[in-house]
Amino acid sequence: MSLADAIPDGAGQISCPHLAMLVQSADELHPALAAFYSLGASRNGWLLHRSLPGGLAADRAGLIAAGLDVEALEAAERLALTEVPVTEPPERWAEPFLPLIDQRLGDGYDAVWWSRFPVGVTGREFDVALDYDRAWDAAMHGRRAVSLCLYVVGTHGSEAGAAEQLAAMHDGVLRATPGGAELISGRAY
């Protein structure tokens, strides 16, 4: 299925899907993000990407290499690339972004389409990411949004185990494919 099939028209306006996507390697990351942001832009979405501190330039280059017209989207104020405040506790992680999101939604965008840096599917990093994802989801509740959390399976994780844990807090879990995405659990929107 394509991402457009997994996230049909109206998502973010009539529901606020919080999705997870499993990628097999870092090579799949920026193509998956570029497809997600392109879909959001085509649906009058305002786009927000959150990078780890020091990772902004690499994410920008990766998105451009994957075919996203970052410069045009930024010039039109349709895309914001930001670094996240990783030293903040989960319950305050979304705070710096909420006024900006509310402003952009007030400017006439149908929804905010946001994603972030990838996280592995095992160990403390995974557990901490889930705490932050829960807090972000709570902060976005009631706002028009489509959220995509990326997780890298690689050779060290169990896709089935990760999908099961992610399904407990995400509306749908997708697997990145060369042509788009495959729904693993939950529902397509």
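One is the number of the first residue; the rest follow in order along the sequence.
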Parallel, tilted or perpendicular: which fits the ring planes of His49 and Tyr37, with parallel below 30° and perpendicular above 60°? perpendicular

Evaluate the criterion salt bridge (charged side-chain N to carboxylate O under 4.0 Å, His left out) for residue pair Asp107 and Arg104; output intermediate values, then yes/no. CA-CA 5 Å; Asp107 290 342; Arg104 301 311 285 163; 2.8 Å; yes

Just by modelled atom types, is the Ala41 backbone N or O under 3.5 Å from a matching donor or acceptor in the Arg78 side chain? yes

Over 12 non-hydrogen atoms of neighbours within 6.0 angstrom of CD in Glu83: yes

In terms of ring plane angle, is the pair His170 and His18 parallel, tilted or perpendicular, where the classes change at 30° and 60°? tilted

Under the side chain to side chain contact (heavy atoms under 4.5 Å, CB included) rule, what do Leu166 and Ile184 come out as? Steps first, then yes or no, please. CA-CA 11 Å; Leu166 293 170; Ile184 299 172; over 6 Å; no

Relative to each other, are the rings of Phe36 and Trp113 parallel, tilted or perpendicular (30° and 60° limits)? tilted

Carefully, step by step, assess Asp110 and Arg144 under the rule salt bridge (charged side-chain N to carboxylate O under 4.0 Å, His left out). CA-CA 7 Å; Asp110 290 335; Arg144 299 182 322 265; 5.9 Å; no

Given Arg124 and Asp127, is the salt bridge (charged side-chain N to carboxylate O under 4.0 Å, His left out) satisfied, shown in steps? CA-CA 5 Å; Arg124 177 157 166 63; Asp127 295 334; over 6 Å; no

Residue Glu71 excluded, over 12 heavy atoms near CD under 6.0 Å: no

What do the steps show when you test Trp46 against Leu100 for side chain to side chain contact (heavy atoms under 4.5 Å, CB included), and what is the final call? CA-CA 11 Å; Trp46 181 72; Leu100 177 61; 3.7 Å; yes

Before you tell me yes or no, could you show the steps for Ile7 and Arg43 under side chain to side chain contact (heavy atoms under 4.5 Å, CB included), namely the whole-Å CA-CA distance, both residues' side-chain angles and the distance that decides it to 0.1 Å? CA-CA 11 Å; Ile7 311 170; Arg43 294 185 178 169; 3.9 Å; yes

Are Arg116 and Trp136 in a cation-pi contact, defined as NZ or CZ under 6.0 Å from the six-membered ring centre and within 45° of the axis? no

